[in-house]
Amino acid sequence: TNFYIIKKKLVMSGAIGSGEYKILNKSDNGLLAINTSFIGEEFGIETILINKKYKSFIYKTYINSEKNNSFLEIKGVCSLAN
C-alpha cells in the first residue's frame with residue numbers, strides 16, 4: 001500500500017483499496033486522515049492512521065445501513081512519499 005500527500009489530502013493506492021482522504025492532523029510522528037460518504041440511506045466512514053517512524057498504518061472502515069453494520073480494521077506496512 002502506498003500513500004501520497006498532496007496539499008491537505010492523503011491519497012491511498014494499493015491492494016486494500018484506493019481513495020482520497022482529508023488530513024485532520026499531521027506531525028513528525030505521522031498523520032490522521034478521514035473520508036466520509038453517504039450513499040442513499042447508508043453512511044460510511046474510513047480513517048487512516050500512519051506512523052512514520054515504523055512505516056506502518058491502521059485502516060478502519062465502518063458502513064452503517066438499516067440491514068447491516070459492518071466494521072473492518074487492517075494493519076500493515078507502507079511506504080510514504082511526499
*Asks:* In terms of hydrophobic clusters joined by side-chain contacts under 4.5 Å, are Y59 and L32 together?
*Replies:* no
*Asks:* How far does CD1 of I48 sit from CD1 of I23, to the nearest 0.5 angstrom?
*Replies:* 10.0 Å
*Asks:* Which heavy atom of E20 sits nearest a heavy atom of V11, and at what distance?
*Replies:* CG-CG2, 4.1 Å
*Asks:* From I58 CD1 over to I74 CD1, what is the distance, rounded to the nearest 0.5 angstrom?
*Replies:* 11.5 Å
*Asks:* Indicate the atoms forming the closest heavy-atom contact of F3 with L10, along with that distance.
*Replies:* CB-CD1, 3.7 Å
*Asks:* Closest approach of V77 and F57, non-hydrogen atoms and distance?
*Replies:* O-CE2, 3.3 Å
*Asks:* How long is the straight-line distance from CG of N64 back to CZ of F71, given to the nearest 0.5 Å?
*Replies:* 13.0 Å
*Asks:* Quick check: is Y4 connected to L49 through a chain of hydrophobic side chains (ILVMFWY, heavy atoms under 4.5 Å apart)?
*Replies:* no
*Asks:* Could you state the interatomic distance from NZ (K60) to NZ (K75), rounded to the nearest 0.5 Å?
*Replies:* 7.5 Å
*Asks:* Determine the minimum heavy-atom distance between L31 and K26, stating which atoms define it.
*Replies:* CB-CA, 4.1 Å
*Asks:* On a heavy-atom basis, which atom in S13 and which in S18 lie closest, and how many Å separate them?
*Replies:* CA-CB, 4.2 Å
*Asks:* Is the number of heavy atoms from other residues, nucleotides or ligands within 6.0 Å of CZ (F43) greater than 12?
*Replies:* yes
*Asks:* Drop me the distance from I34's CD1 to I45's CD1, to the nearest 0.5 angstrom.
*Replies:* 3.5 Å
*Asks:* Which distance, rounded to the nearest 0.5 Å, do you find between the OG1 of T36 and the CD of E46?
*Replies:* 9.5 Å
